Every structure is written in C-alpha cells, then in structure tokens.
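Here is the structure we will look at, set down as structure tokens.
Please read all numbers here as calculations on a predicted model, not as lab measurements.
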Amino acid sequence: MTNIQTVLPGDDVTSQIKQLGKDPSNVKLGRGLSFSTKKENDGETSSSEVHVSATRAGMLTSRGNTYFIQSNSKRYIPTSGDRVLGIVEERMGEYYKVNVFGPHTALLHTLAFEGATKRNKPNLQPGSLVYCRLISKDLNVLDPELTCKVESGISSLGRKDWMTDEGMYGELKCSDVTGSTCIRVSIGLARELLNPNNLVLRELGSTIPFEIAIGVNGFVWVNSHAPIHTILICNAIQNSEVLTPEQTRGMVKTLLKTITK
Amino acid sequence: MAATGETKMHQRPDGRTYATLRPLSSSLSMLTRADGSAKFSCGQTSILAAVFGPIAPRIESHAHMSRAKISVVISKRSCLTHNNTGNVQEMEFFIANALSACIMTEQYPRTIIEVVVEVLKGDGSILATTVNASVLALMDAGIMMRSLPIATTCVISNNSIIKLDPTADEELEDGSASVVLVTESNINAAAPMIKDGGNANLIGSTTFGLCTTPEKFLACVEAASRASSAVVAFMRLALEQKLERESVTLWSDS
C-alpha cells in the first residue's frame, strides 16, 4: 500500500495515477474517487479521456489495483454487507428498529435469526445489543435492513441455532456482573481494530483474556472477567487512536501495570 | 522596507495592498460531538463551524427523496452583516445554496446535513469567512464534494477602488459597497470556461450597498478567483497536518 499525497475534493488525480504507470481507465476506484470522461475535440479527431477526481479530503492510497482516499470520519454510512453492532430501540410489529448510528434507523425482522420460528424466536428488549449484518437492496429509497442469519453459500461459517450463544451473529449480553460494556469509536479506528494484526488488541490480549465485537459502524463491545479489565481495554482502545505504535506499546504496559500487581 | 510614494498610496490602514488577504489560521476537529468541525480565522474575524450529518430529519416531510438537504444554522447571537442590519435567515439561505452547489447531495438521499455556525469574533468579511469555515468543517466530516466553494469579499469604495478581504472599518466606509463572491475551486481541466478567457467558476454572489457597473462586478469576480486559490492552498496545508498525524497514529501500514 503506497501513500501518495493529500488531496482535496475537486482535485484531479489522473496524473498521480498515471505516474505510477497505471492506466486510469483500468484501475478500480474505491471510496472518495469518481471518474468523468471528457471529450477532447482537436479539430478532426476526438478522443475521450478518463479523468479521476477526488470527492473527499484525504490521502490518495492504493492497494493493488484499487485506488481510494483514506480519511477518518465519525458518521457511519450504511453499505450492504457490513457487519455492525446496533442497539434495539423498539419493536414495531414484525420488525425491530435498531440504531446503527447511521442517518436512519435500521430494521431487523423478528425471525431473522438462525433456526427461529414463530413460536421459537428471541425476544429482544429495547436497549439490547445485536451484532448483525446489513442486507439492503436499495439503500437510496428504503431504510437499511439487518439480519442475524449467516450468509447463504458460505460453508465456513457454521449455522448455529440462535438459542445457543455460539452463533456468529445475535444478541450480545451487556451486564455489569460479567464485565462487559460498549463504546463508540470513529469509523477509521473500527476498521483498524478489525485488522488481524492490530497492535493494541494484541498487546492487551497477551495479558488479559477478553472478548470483543467490533462493528464497522464505529461501535465496539468488550467483555472480560472483571469490570476493571473491561474499562482498561476500552481506555486503551480509545487512546490508541492518537498514539504512534511505540507510544501505544508504552501506554498499554503502563495501564497493565496498574492491575497486575 | 522602504516604500516609494506610489506604493504608499496603495496601502491600507493595516499595511496590506488592495489585493492581499489577511493572515489565515485554522483548527480542525476540536468538537468531539460534531461529525466535523473547524475554526477558521481571517485576521481578526474568527468563525467556528460544526457539521452534523448526514442525519435523518426530525420531520420526515423536510427531506428530499433523492438528495440531502443542507441546513445552515447561524447562532442568533452572532452579528453577521457589516452593519447588523442583514437578515440572518437570508444569510443562512445564501450559505446553504453555495454549499449545495458543491456537495454531492445525491449520495445522501433522505437526509439532512446540518452546519452550525458561531461567529466568535467579527471584523469584516464575516459572511465569506463563514462559508470558508463551513467548507473546512465539511471536509473534516468527510462529506463528499465535487469541488470547493470558496468565498471572497470585495469592497468597492467611493472612488471605485476594489479592495479584497476588508476589515469592519473598511466595510463601513461611507459610500462603499461590498460584494461577496463564491467561486468554485475546480482545478479539473474539464471545468467550464467563460468565453472571454476568464476562468471564473462563479456559483453565488450577494452584495451590500450599491454596486453600480457590470465592469466593476466582473473585476471583483476575477479578483475573487485569484484570491480563492490562495485560500485553497491554505486549506490544503491545514488538512495535510491533520492527515499526516493520522497516518502516523491511526492507519497501520498493512
């Protein structure tokens, strides 16, 4: 992954892409970039050139053949396929209204759980936390829709009934007794935490056993044996957003010293 | 620096030439609850802008089906126009229109993007500085934009001299008119050009006082286009600082 430079909305980045030897009409454009074709009429010949311009402010970055603008934000924009954490707000007939911290509340069908039937389905109360994924056919017109069912066709994720708590999606139980809580973070930090090699989680995990669920909507649930461990983990995660890797290691060590005496 | 008789004539009370902008300074992301925020200062004028959005509207009927609605709210305590006689709602509407021209509102249907503005200190060019502060806050929030709308204030004094970025005293001079111009900073070569060779992408304007001839207006437009590229260069520096810090602390290299 190479960082190129800061771009502002409206900047024409076609030349930057050409500099790396890539043909602008052949690259994949990720978030923050859009293309337009400009027809040039030089008298007799006319050719259309592809111009790529930025629509967000950030660093122009590339991963393989995909270019995108890397920038942090706090507001989640729902995209189909995302795995998010939401808070159940109320039940409206056959649907739960779930707050996923995006522009609109999302809908979760009461039967959208593995093995759920009309007689045997979870009864989520307002205030419950659910880990689910977004399925939406037309986000421009309809509210986002969620499901706690595993994607069909992916056999690596087993289908566990909702009654066992071993399934991938479903309700996350927050309580003071078992030491779990949830915090809101920025979208960029949530994506970094999802990285398997994330530094702060690795450092914490080497000393404290804990469980964590990260939604790409910037919502994180942490569970461990004691509330004091959970608080420490939440603080460490939030601090890691503004510290360099070396500072993060030092910060985690200092925090861990306060509890392991 | 020795000034000849000629350059002394072109100096304003604070020592600037007619086309110089005041020193700019800014601060990003200072508000934790807002999705994006920016404090932008132009000389003594200091504006704080916060962006919330895209969010669902409080009343469903306020939303458009296919695009976002931009709503600008200026704190009622602020003095917005140079002699306090302007209509605040008119100014809010002007800013919202200027921003709507450049924000890709079709990407956020059925939502509202709210810009809340607080005038911390006012010393002339308040409306233009508010537009620029809002643009910085929108970039901080990550709202998608086609280009940047940059506003510049020109004041046309009694003897037809055009001065850029006036202070409050210069705006209040007898017989002067001030023109606020919003230009698009599209560096894209595909931007439309005016037929007579000018490169002004004007997207909005408003005047206070009597701005008499079209020639004067066009001269202001040209001056504003040139000034806006200086403002964009400053914004680029401001954002670079924030992004470089992020790339060291937040983004990992994999």
Side-chain angles (χ1 to χ4, degrees), chain A residues 1-3 5-14 31-32 34 36-40 49 51-59 61 63 69-75 77 102-105 139-143 186-189 191-192 195-199 239-245 247-248, chain B residues 29 32-36 51-57 63 65-66 68 102-104 106-113 135-136 138-149 184-191 232 235-237 239-254:
Chain A
M1 185 166 96
T2 47
N3 270 354
Q5 61 165 86
T6 321
V7 289
L8 296 183
D11 281 358
D12 191 316
V13 296
T14 325
R31 69 190 345 230
S34 77
S36 59
T37 43
K38 174 189 157 210
K39 284 204 188 284
E40 298 190 23
E49 236 183 77
H51 280 268
V52 179
S53 55
T55 54
R56 303 179 89 191
M59 294 269 201
T61 329
R63 232 180 232 143
I69 305 287
Q70 193 173 55
S71 67
N72 198 2
S73 57
K74 288 192 206 162
R75 174 74 52 175
I77 309 288
H104 300 102
T105 47
L139 280 167
N140 283 347
V141 176
L142 304 170
D143 280 342
S186 65
I187 309 292
L189 180 60
R191 290 213 176 244
E192 283 296 315
N195 191 332
N197 299 327
N198 180 264
L199 177 66
N239 287 345
S240 73
E241 184 173 359
V242 293
L243 297 175
T244 64
Q247 289 171 335
T248 313
Chain B
S29 309
T32 47
R33 281 192 184 276
D35 294 329
V51 167
F52 295 89
I55 51 179
M65 275 308 290
S66 55
C102 297
I103 296 177
M104 297 176 83
E106 63 276 4
Q107 296 286 332
Y108 309 107
R110 299 187 308 132
T111 64
I112 283 190
I113 298 175
V135 169
L136 262 179
L138 286 166
M139 285 202 280
D140 188 45
I143 308 271
M144 294 173 75
M145 293 194 271
R146 257 172 248 115
S147 59
L148 297 175
E184 221 179 7
S185 73
N186 212 333
I187 309 176
N188 195 345
V232 171
M235 287 186 178
R236 193 179 298 272
L237 276 176
L239 274 164
E240 241 170 40
Q241 270 185 354
K242 174 192 166 204
L243 293 169
E244 258 162 53
R245 202 182 55 221
E246 261 177 21
S247 72
V248 172
T249 58
L250 179 57
W251 308 115
S252 61
D253 285 326
S254 63

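- A donor-acceptor contact shorter than 3.5 Å links the side chain of A/T14 to the backbone of A/V52.
- Using a 4.5 Å cut-off between heavy atoms, A/L189 contacts chain B through both its backbone and its side chain.
- Of the residues considered (A/E241, A/R191, A/R31), A/E241 shows the highest number of contacts with chain B, using heavy-atom pairs under 4.5 Å.
- The parts of B/M145 that come within reach of chain A are both its backbone and its side chain, each placing non-hydrogen atoms under 4.5 angstrom from that chain.
- The distance from atom OG of B/S247 to atom NZ of B/K242, rounded to the nearest 0.5 Å, is 12.0 Å.
- A donor-acceptor pair under 3.5 Å is formed between the side chain of B/Y108 and the backbone N or O of B/M144.
- Side-chain N or O atoms of B/D35 include none that pairs as donor or acceptor with a backbone N or O of B/A141 at under 3.5 Å.
- Residue A/S240 touches chain B through its backbone alone, counting heavy-atom pairs closer than 4.5 Å.
- Using a 4.5 Å cut-off between heavy atoms, B/E240 contacts chain A through both its backbone and its side chain.
- For A/I69, no part lies near chain B; criterion is any non-hydrogen pair under 4.5 Å.
- Nearest approach of B/M139 to A/A57, heavy atoms of both residues: SD-CB, 3.9 Å.
- Looking at B/I143, the atoms closer than 4.5 Å to chain A (heavy atoms on both sides) all sit in the backbone: N, CA, C or O.
- At distances below 3.5 Å, at least one donor-acceptor pair connects side-chain atoms of A/D11 with backbone N or O atoms of A/L8.
- Proximity of a side-chain donor or acceptor of A/K74 to a complementary backbone N or O of B/T32 within less than 3.5 Å is detected.
- For B/E106, no part lies near chain A; criterion is any non-hydrogen pair under 4.5 Å.
- Highest contact tally toward chain B, considering only A/S71, A/S34, A/G32, A/S73, is held by A/S71 [criterion: heavy-atom pairs under 4.5 Å].
- Looking at A/N239, there are no atoms closer than 4.5 Å to chain B (heavy atoms on both sides), in backbone or side chain.
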